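Bear in mind that the values here come from a model prediction, so they are computed numbers and not experimental data.
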Amino acid sequence: NMCSAVVNYTSPVGTDNCSGAMTTQTVGLSGGSMFPLGVTTNTFVVTDGSGNTSACSFTVTVTDNQDPQITCPANSSVDTDVNMCSAVVNYTSPVGTDNCSGSMTTQTTGLIGGSMFPLGVTTNTFVVTDGSGNTAVCSYTVTVTDNENPQIACPANSSVDTDVNMCSAVVNYSATVGTDNCSGSMTTQTTGLIGG
């Protein structure tokens with residue numbers, strides 16, 4: 001959970017043919033320090049009593065191999081909006097976190113919050129990527145269900161006389177067709193006779 005690392009090392013100490021040589025660190029961080037992400041160069045210079053010098057350097061590379069974190073909302077189920085075959089669904093898009101700053105969260109599938117979600121299941125997937133290319137993914141579904149009954153209205157009841165010299169009558173009427181908020185509804189006559 002850090003974007004740095006404590007690195008322990010033993011500082012080099014220079015030697016000389018004459019006593020009195022002194023070693024100093026001119027760049028970098030001392031052993032036991034918190035080293036930042038990336039490459040830190042540590043340079044040491046030994047100087048003898050006559051002013052002669054020699055230097056050495058080494059690098060400490062701190063790499064971020066910790067994946068970011070992201071948590072999606074729970075799956076949700078909603079009914080279609082009235083007279084619609086879809087539903088507006090509001091949600092807050094998840095934002096990933098990481099041990100290092102600069103992570104970015106993108107939605108790769110699905111619809112953003114506040115969109116009109118179609119009938120059925122929509123999968124919403126989010127990916128968070130940190131500055132080192134590590135990723136984490138989460139997904140959740142929005143299920144839109146049609147629980148709205150279709151509508152149908154029959155003609156008014158009618159009364160007619162028998163046809164001449166018949167004990168029956170030809171009756172013409174237009175068959176009723178139902179409507180629904182979603183396409184694909186089908187109207188069938190279950191009792192009686194068709195018009196004509």
Side-chain angles (χ1 to χ4, degrees), residues 1-14 22-47 53-148 181-184:
N1 296 325
M2 300 289 291
C3 197
S4 53
V6 173
V7 179
N8 293 295
Y9 68 85
T10 302
S11 298
V13 177
M22 184 174 62
T23 303
T24 56
Q25 184 170 7
T26 56
V27 297
L29 298 170
S30 62
S33 297
M34 185 71 77
F35 280 69
L37 185 70
V39 179
T40 300
T41 299
N42 304 283
T43 301
F44 294 82
V45 176
V46 56
T47 305
T53 61
S54 183
C56 72
S57 295
F58 71 97
T59 61
V60 171
T61 303
V62 177
T63 304
D64 176 19
N65 287 316
Q66 182 175 333
D67 289 337
Q69 303 290 318
I70 190 168
T71 302
C72 277
N75 295 337
S76 62
S77 297
V78 299
D79 291 336
T80 54
D81 291 345
V82 176
N83 297 325
M84 300 289 292
C85 195
S86 53
V88 173
V89 178
N90 292 294
Y91 69 86
T92 301
S93 297
V95 177
T97 59
D98 190 55
N99 57 312
C100 293
S101 61
S103 63
M104 183 172 62
T105 303
T106 56
Q107 185 170 5
T108 57
T109 65
L111 299 170
I112 62 173
S115 297
M116 185 70 77
F117 280 69
L119 186 70
V121 179
T122 300
T123 300
N124 305 284
T125 302
F126 294 83
V127 177
V128 56
T129 304
D130 69 13
S132 298
N134 303 306
T135 61
V137 179
C138 75
S139 295
Y140 77 102
T141 60
V142 172
T143 302
V144 178
T145 304
D146 176 18
N147 287 315
E148 184 175 336
N181 57 312
C182 292
S183 61

Enter the distance from D98:CG to I70:CD1 here, rounded to the nearest 0.5 Å.
11.5 Å
Taking only residues two or more places apart in sequence, or in another chain, which ones meet C182 in a disulfide (SG to SG under 2.5 Å)?
C85
S30: partners by side chain to side chain donor-acceptor pair (under 3.5 Å), with sequence neighbours left out:
S33
Would you mind writing out the side-chain donor-acceptor pairs for residues 57-64 within the sub-3.5 Å range, not counting sequence neighbours?
unit_1	atom_1	unit_2	atom_2	d
S57	OG	T43	OG1	2.7
D64	OD1	Q66	N	3.0
D64	OD1	N99	ND2	3.2

Under 3.5 Å, side-chain donor or acceptor atoms of residues 2-14 against the rest of the protein: list the pairs with distances, not counting sequence neighbours.
unit_1	atom_1	unit_2	atom_2	d
Y9	OH	Q25	NE2	3.3
Y9	OH	L29	O	2.4

Could you work out, with side chain to side chain donor-acceptor pair (under 3.5 Å) as the rule, every residue matching D79, not counting sequence neighbours?
N147
Please identify each residue that fulfils side-chain contact (heavy atoms from CB on, under 4.5 Å) with N83, with sequence neighbours left out.
E148
Does anything in residues 102-125 pair up under ring pair (Phe, Tyr, Trp, His ring centres under 6.0 Å), and if so which pairs, sequence neighbours excluded?
none
Can you measure from CG (D67) to CG (D130) and round to the nearest 0.5 angstrom?
7.5 Å
Please identify each residue that fulfils side-chain contact (heavy atoms from CB on, under 4.5 Å) with V46, with sequence neighbours left out.
A21, T23, S54
Go through the steps for T80 and L119 under the test side chain to side chain contact (heavy atoms under 4.5 Å, CB included), then give the verdict.
CA-CA 7 Å; T80 54; L119 186 70; 3.9 Å; yes
For T71, which residues count as a side-chain contact (heavy atoms from CB on, under 4.5 Å) partner, sequence neighbours excluded?
none
Can you sort out the partners of T40 under side chain to side chain donor-acceptor pair (under 3.5 Å), two or more places apart, ordered by chain and number?
none
When rounded to the nearest 0.5 angstrom, what is the spacing between OH in Y140 and CG in N75?
9.0 Å
Minimum heavy-atom distance N42-G28, with the two atoms named:
OD1-CA, 3.3 Å
Is a side-chain donor or acceptor of T141 paired with a backbone partner of V121 at a separation under 3.5 angstrom?
no
